[in-house]
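What you see below is based on every heavy atom in this structure, not just the backbone, and it leaves out hydrogens, waters and symmetry mates. Each chain gets a letter, A, B and so on, in the order its sequence line appears, and its residues count up from 1.
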Amino acid sequence: MQRTEQERIRRESLAALRALGIEPYPAAEFNVTHRSKRLASEFKDGMAVILAGRIMSRRIMGKASFAEIQDSEGTFQLYLNRDELCPGEDKAMYNTVFKKLLDRGDFIGISGETFTTQTGEQSVMVKELTVLSKSLKPLPAVKVDEDGKVHDAFADPELRYRMRYVDLVVNPGVKDTFEARSKVMQTIRQSFDGAGWLEVDTPVLQAIPGGAAARPFVTHHNALDIPLYLRIANELYLKRLIVGGFEGVYEFSRNFRNEGMDRTHNPEFTVMELYVAYKDYHWMMETTENLLSDICQAVHGDTKATLNGTEIDFAPPYRRVTMRDAILEHTGVDIDGKSEEELRAACEQVGIETDDSMGKGKLIDELFGEKCEHHYVQPTFIMDYPVEMSPLTKVHRDNPAYTERFELMINGTEVANAYSELNDPDDQRQRFEDQLTLSERGDDEAMFIDQDFLRALEYGMPPTSGIGIGIDRLVMMLTDQTSIQEVLLFPQMRPEVFDQGPDEKGLQALGIPEAWTPHLVGAGFDRPEALDGLSPGGLREKLNGYRKKNKLDIPALTLEEVESWLSA
RNA sequence: GACCUCUUAGCUCAGCUGGUUAGAGCAUCUCACUUUUAAUGAGAGGGUCCUGGGUUCGAGUCCCAGAGGGGUCACCA
């Protein structure tokens, strides 16, 4: 691993600090009296304050300097004067430590006195400076000018997501998104706990990945010697708890789905699921709109949020549209009473491709997803889904072709999915079997049958309404982000390949003579792994070719030598 | 999985129809400077032009293959 010049210089500074008797990574706690934001709001000249944080900029002007220190709340300006910081003869703390050995990114603690500069900037005159942690890598130098224009932004999404720690330090606003996310979850917890519902934890590793239709991640349990699946949903477990007698249960469930990744999908994502006994989906709609309104209030202090230039109003009530009406309005197709063949024809007619594995549910889903979904920008409940696409939902009280299910659409995206839960065990068994038929037709996302869940229903589940709210997407809606990566601290990325540098010792361990190892590195075989799977003849030819080309003064290799390395 | 596109200094990016020693700003280093704020002035160092082939007298630039990223679509929440 090659170090850059800047890194080498910082390591030299690190050593110089130690030579001066200053520990760059001290163990002792450092207690502050203020943080930047609060200090700014309570600011008066002449306050004695202690602050800690990262040096984000330095403006050195001979015997006086200004520096920006960044803590968890924001930044604050420091004024460092040589003779204030070093009242005695020894000026090393200013001349050497501050001016030469400290860098942008270092953590320091300071104590001093507040004052206002001639230009009117709130500042702290530093009397004492403590080195708290030396930073060995230079932070990207993002600068914001007077017009608020950002220069040299650290904007490459790959680097931002791979090194979120740098992103958080350097890009203003990134923290706000995650604070908003925390506020969303806090508001939900407060609301549900206040209602007397119980927050629970259910298995992430499941023998049967149930509760949704999706491709799961598979792993293996060694002791039991069985495959286990990372949960795609927690729904069936929460319903078992309703069977067990809890009136309301909820869980923030990290779900895992082995599917594509894009702006709205990450392999792991968070869904808040809530189940409440003796309720139906109408009650759940009211509960949901009130909850979202509270959440938006908590985040923005208002029920309105701006998303993609459009104002979204989270104040209840939300529009309620049946799926049949939605499809009728946007495609002219009335799905009511249509057979599979008729629906397939209708799809083809509006330009949707179909294939034989698609059943009625899937066809209707396509009609809605392709032609209707994107129209619903303001929060809208799409209700009464066809029975074929809702295997866990109770049939509609007025029409058995539909179910009591709704999805909440915001900005053309599904944010929540809720039902009057199916609690008739025989009906549930039949629906699972219908799914099995779909699976045999080639739908690899059809649901598995969970026999234990069916048994639980046979013991009796009260009428229940349940909902799953996509937390990541909700946070996107509330923070004006268009990609899910922006609301996940560490979104999924292809693993990074680190350059480990040459491993001459490892090569020698294979029996390669010391005279040859530097040349193997030179020829591109810089680690033992680089030789894996090579044929002895080919390797010998390459190395002897390298020897000839570079006129090396060592004997040519024999086939036996090379064979012995590769068999080592 | 398909298509489009990108990869040049620590960071952000220029680099024309292929042509001397590959540039800028910031960052870094040296010097000056006691109220600055994208501080300023003077000077210096810093490059595997993603990797591997090919075309050519000559490749950062053109061609092929590969790696990684981004975007669009498909699947999905």
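- As rounded to whole Å, 12 Å separates atom P of rA27(B) from atom CZ of R59(A).
- Contacts of R82(A) with the nucleic acid, taken as non-hydrogen atoms under 4.0 Å apart, are absent.
- Counting only Watson-Crick and G-U wobble pairs whose two distances sit under 3.5 Å, RNA chain B takes part in these stems of three or more pairs: B:1-7 with B:67-73, B:10-13 with B:23-26, B:28-32 with B:40-44, B:50-54 with B:62-66.
- Comparing the same atom, C1', in rA74(B) and in rC64(B) gives a spacing of 29 Å after rounding to whole Å.
- Straight-line distance between the P atoms of rU5(B) and rA42(B): roughly 44 Å, to the nearest whole Å.
- Only the P atoms considered, rG58(B) is 36 Å distant from rA2(B), to the nearest whole Å.
- Listed candidates were rG69(B), rA77(B), rA39(B). Nearest to the side chain of M61(A) is rA39(B).
- In terms of polar N and O atoms assigned as donor or acceptor, the side chain of D262(A) comes within less than 3.5 Å of the base of rC75(B) in a complementary pairing.
- Distance R160(A) CZ to rG69(B) C1': 14 Å, rounded to the nearest Å.
- Closest approach to the Q77(A) side chain among rU34(B), rU36(B), rA77(B) is made by rU36(B) (side chain taken as heavy atoms from C-beta onward).
- A parallel orientation is assigned to the rings of H330(A) and H375(A), their planes being inclined by less than 30° (bins at 30° and 60°).
- Here the P atom of nucleotide rG71(B) and the CE atom of M261(A) are 10 Å apart, to the nearest Å.
- N234(A) places its CG atom 15 Å from the P atom of rA77(B), with the value rounded to the nearest Å.
- Between M389(A) and F368(A) there is no side-chain heavy-atom pair separated by less than 4.5 Å.
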Polar atoms only, N or O, under 3.5 Å: list the protein pairs with nucleotides 4-10 of chain B and their distances.
from    : atom 1 : to    : atom 2 : distance (Å)
rG10(B) : N9     : Q6(A) : NE2    : 3.4

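- The distance from atom CZ of R8(A) to atom P of rG45(B) is 15 Å, rounded to the nearest whole Å.
- Regarding K99(A), its NZ atom lies at a distance of 14 Å from the P atom of rU28(B), rounded to whole Å.
- Taking 4.0 angstrom as the limit, R257(A) places none of its side-chain polar atoms (N or O) nearer than this to OP1 or OP2 of rC75(B).
- Taking atom C1' in both rA59(B) and rU20(B), one finds a spacing of 15 Å when rounded to whole Å.
- Rounded to whole Å, atom C1' of rU34(B) lies 13 Å from atom CG of N95(A).
- Comparing I60(A) and L159(A) by the nucleotide of RNA chain B whose heavy atom lies nearest to each, the residue mapping closer to the 5' end is L159(A).
- Among the nucleotides rC31(B), rC75(B), rG69(B), the one closest to the side chain of K100(A) is rC31(B).
- Looking only at distances, a side-chain donor or acceptor of D71(A) sits under 3.5 Å from a matching main-chain atom of G74(A).
- The side chain of D83(A) has rU34(B) as its nearest neighbour among rG69(B), rU34(B), rA77(B).
- Note on R104(A): every side-chain N or O is 4.0 Å or more away from OP1 and OP2 of rC26(B).
- When the side-chain nitrogen and oxygen atoms of K362(A) are compared with OP1 and OP2 of rC75(B), none of them lie within a distance under 4.0 Å.
- V321(A) places a side-chain heavy atom less than 4.5 Å from the side chain of I382(A).
- Y161(A) comes within 4.0 angstrom of nothing in the nucleic acid, heavy atoms only.
- Each of rA77(B), rU35(B), rA74(B) was ranked by its minimum atom distance to the side chain of E370(A); first place goes to rA74(B).
- Between the C1' atom of rU35(B) and the CD atom of E68(A) lies a distance of 14 Å, rounded to the nearest Å.
- With both ends at atom C1', the span from rG15(B) to rA67(B) equals 25 Å, rounded to whole Å.
- Nearer to the 5' terminus of RNA chain B, by closest-nucleotide assignment, is the contact made by S123(A) (compared with the other of E414(A) and S123(A)).
- Under the side-chain contact (heavy atoms from CB on, under 4.5 Å) test applied with V377(A), the options T413(A), L307(A), I410(A), I312(A) reduce to a single match, I312(A).
- Residue T119(A) places no side-chain atom within donor-acceptor reach of the base of rU35(B), judged by atom type and a 3.5 Å distance cut-off alone.
- Within 4.0 Å of D365(A), counting heavy atoms only, lies no atom of the nucleic acid at all.
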